[in-house]
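Let me begin by presenting the structure, written as structure tokens, before commenting on it.
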Amino acid sequence: MLAQDAVNPGDTAWVLVCAGLVLFMTPGLAIFYGGMVRTRNVLAMLQQNIIALGVVSLTWVLVGYTIAFGDDAGTGLFGNLELLGLTDLRVPPAPNLHVVAGQVTIPTLAFVAYQMMFAVITPALVTGATAGRLKFLGWAIFLAIWSIVVYAPVAHWLWHPDGWLANFGTQDWAGGMVVHASAGAAVLAVLLVVGRRRGWPHTAAPPNSIPLTILGAGILWFGWFGFNGGDGLQANGVAAQALINTHLAAAAGMLVWLVAERFKDGHSTVVGSVSGAVAGLATITPAAGYVNALSAIVIGAIAGIVCHTALRLKYLLRLDDALDVLAVHFVGGMLGSLLLGLFGDSGINPLGKDGLFFGGGGSLLWHQLVGVVAVVAFAFVLSWAIAAAVQAVVGLRAPADVQEDLDHAQQGAEAYHLGGVAGLSGTGAPQRRTGRDNAAARPAQPVQHARLVTATVDPMLLPTTRELRDALLGAGAASIVVFDATVSAAEPASRSLPRGYWQDQDLLDRARVEVVVEGRAVPAVLDVLGRYGVDRTESFVQDVQLATDVR
């Protein structure tokens, strides 16, 4: 390989920071997806994403890097194996080794580390589509093979100067094809192998924590500055342009998605906000270093409407894409790659080309179209072959009887230990009181003729724990028990879910209240419960015998 320019400390520092930002995106993706799945599958989802940091980091160093960025083997399809295990790095990367860069002025290992983080997060995108269905061992094996057989060659095609698509004229700034299109094609293939969740599409899966999803989206947005900002491998004006383009496209995608959501579903939701932002981020990725700021806004806006419309894609294809990876990442990556053929501006980056709207004719658009088709076809066929082989040998699809509770089956643990009763608010003050003297708070004396009053109530209608306890004790209660319950609804209650989905709830969450009281005080207890929405027709009173009376 040729000798590189002298190492530039500023460029090196920028690329190392960007590597850290892209690494941070993987746990961000885990949190983003983790908040969207069922309560009992949260840990499994987090593990499926985090394991990529371990598996793909090693496959990248051992063989992935040399396939992607080693000297071309002569066909433009993959690099030779001279850099196997990074044992013979010598001086590379050579000038222009990374096709979107000008002159490489960073140490080889900085380049290796930065590119490693792209290799890590790319297959992790698949887990959002396959939520609730992956067997952990099979997924880890799929990750290892896919990162070598699919990701590394595609990276060579587009990001190595001797790659066949790079020589053909196809451009991909930060992974519209290398990352999003290839991962999206893998989603299509893997879904064919692992199939659908039980009851889909008639059984909806509500998210367990939308705030967790918003946190993950914020981390992704933050990390995307490194994802798109570092690909020029220099701290210069092109990096600044790529960074501002990234942010503007996300902002435009968010706002347009919210408008579309409002017209379609009647609500503009916070999940819609981050969905539109991520769609804008995915779509600007292949063009971030090649277009101007106004074009970035237009690209983000187009992403917002197109990706929102693509939410129906999984129903048309009859594929159970749980978290809409196809609509956001697959469609976004392909869309952005093609839009570069329209909005490319060589005035932004001398390594770029002019698109159709900037006097370049249709040449770049044609090159982009060929690149998208080639990458999707290659990634789909090989991904299906890998997934089918893994399924046949060790299993990729989790058994149906554990899919509703992967956390216990695969982790032996639970993500949350919460309930409606535990969530009731208690009484508080700036400073804890001691020596309280509240007659109503004292336990009542044992009763002579005990009756048990039982009722269910919507937890949202209950007061603070102190108020409820004091009111019942004041009415004569000797014992109070409140616990979680689920009751049958006379008519299903409709519940809105993110991205325009909904489900009917035939069983509703309720709090069950059981009060032991002297017989003559039963009406007073019922009156108290009535204040909180308890209908007497749904309450029960029965004679009970205290354990102290048993001989």
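Reckoned from all heavy atoms, side chains included, excluding hydrogens, waters and symmetry mates.
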Crowding at [atom1], [X] (>12 non-hydrogen neighbours, <6.0 Å):
X	atom1	value
His247	NE2	no
Trp366	CH2	no
Phe24	CZ	no

Rounded to the nearest 0.5 Å, what separates atom [atom1] in [X] from atom [atom2] in [Y]?
X	Y	atom1	atom2	answer
Leu369	Leu364	CG	CG	11.0 Å
Leu212	Ile31	CG	CD1	6.0 Å
Cys18	Leu23	SG	CG	12.5 Å

Item to check | Sub-4.5 Å side-chain heavy-atom contact between Trp224 and Ile284 | outcome: no
Checklist entry - Who passes side-chain hydrogen bond (donor to acceptor under 3.5 Å, both in side chains) against Asp162, sequence neighbours left out? => result none
Checklist entry - Less than 4.0 Å between a side-chain N and a carboxylate O, is that true for Arg38 and Glu404? => result yes
Item to check | Residues that Arg197 engages under salt bridge (charged side-chain N to carboxylate O under 4.0 Å, His left out), provided they are two or more places apart | outcome: Asp320
Item to check | Closest non-hydrogen atom pair between Ala260 and Ile305, with its separation | outcome: CB-CD1, 4.0 Å
Item to check | Nearest atoms (heavy-atom pairs only) where Leu83 meets Gly70 | outcome: CD1-CA, 4.1 Å
All N/O donor-acceptor pairs, side-chain side in residues 136-143, below 3.5 Å, sequence neighbours left out:
residue, atom, partner, partner atom, Å
Trp139, NE1, Gln48, O, 2.9

Checklist entry - So which of Leu382, Thr122, Asp172, Val178 actually passes side chain to side chain contact (heavy atoms under 4.5 Å, CB included) with Val154? => result Val178
